[in-house]
Amino acid sequence: MPHPHRPRPTNAKRPLALSAFLAASLAVAGLAAATAAPAQAVGVVPQTTATTTTYTAPNPEPAYGTEAAALLETIPVKGRAPKTAYDRSQFGPAWLDTDDNGCDTHNEMLNRDLTVIVYVSSVPCTVASGTLADPYTATTIAFLRGVGTSDAVQIDHVVALSDA
């Protein structure tokens, strides 16, 4: 004997109402996006007609297969700017423990990037010393925690915050 099938109650209005709500939300979001001024990169020139604005990049896209090193050579290198408006506090607190594992971000980066690591204590977190194979200079740099020695290994920012 087949199992009696009990039909589920249908509520056709709920999916229709949800669809209408989603459509209206997307329309409002699209309208907001269409009227908002887009962020404009340096060198990007807007060209406006009666109905649309198009943005042209200052440089054409590089050819397929272009090496990163070749592209880096095209970037202008400028001298150091004065630090007249630099304030470290604008960037938030330094070296947070963002994953709540008891090890701050600075030591996590040292643990990631160094080899032959010696720790301050038996807890593998705070790095006392280690060796960095520096990918930017292709040299080996010894790290030794301390005032005047820790600066030899810069693992926190590729570009200094004061240059941001």
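Keep in mind that what you see is a predicted model, and the values were worked out from it rather than measured.
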T149 side chain vs L144 backbone, donor-acceptor pair below 3.5 Å: yes

Gap separating the CG atom of D104 from the OG1 atom of T98, nearest 0.5 angstrom: 9.5 Å

In Å, rounded to the nearest 0.5 Å, how long is the span from CG of L132 to OG1 of T139? 7.5 Å

So which heavy atom on F143 is nearest to which on V153, and how close? CB-CG2, 3.6 Å

Please lay out, stage by stage, how M109 and L114 fare under the test side-chain contact (heavy atoms from CB on, under 4.5 Å). CA-CA 8 Å; M109 296 302 101; L114 300 180; over 6 Å; no

Evaluate the criterion side-chain contact (heavy atoms from CB on, under 4.5 Å) for residue pair Y119 and C125; output intermediate values, then yes/no. CA-CA 7 Å; Y119 296 99; C125 175; 5.7 Å; no

Would you say the side-chain atoms of D97 pair up with the backbone N or O of N101, donor to acceptor, closer than 3.5 Å? yes

So CG of L110 and OG of S129: to nearest 0.5 Å the spacing works out to 10.5 Å

Can a donor-acceptor pair be found, under 3.5 Å and without considering hydrogens, that links the side chain of N111 to the backbone of N107? yes

Main-chain N/O of G92 paired to R88 side chain as donor or acceptor, under 3.5 Å: yes

L71 backbone acceptor or donor facing T74 side chain under 3.5 Å: yes

Any donor-acceptor N/O pair, T131 side chain to V116 backbone, under 3.5 Å: no

From D134 atom CG to I141 atom CD1, the distance as rounded to the nearest 0.5 Å: 4.0 Å

Nearest heavy-atom pair of A152 and A142: which atoms, and what distance? CB-O, 4.2 Å

N/O donor-acceptor pair under 3.5 Å between R145 side chain and V127 backbone: yes

More than 12 heavy atoms of other residues, nucleotides or ligands under 6.0 Å from CD of Q90: is that the case? yes

Interatomic distance, R112 atom CZ to I117 atom CD1 [nearest 0.5 angstrom]: 11.5 Å

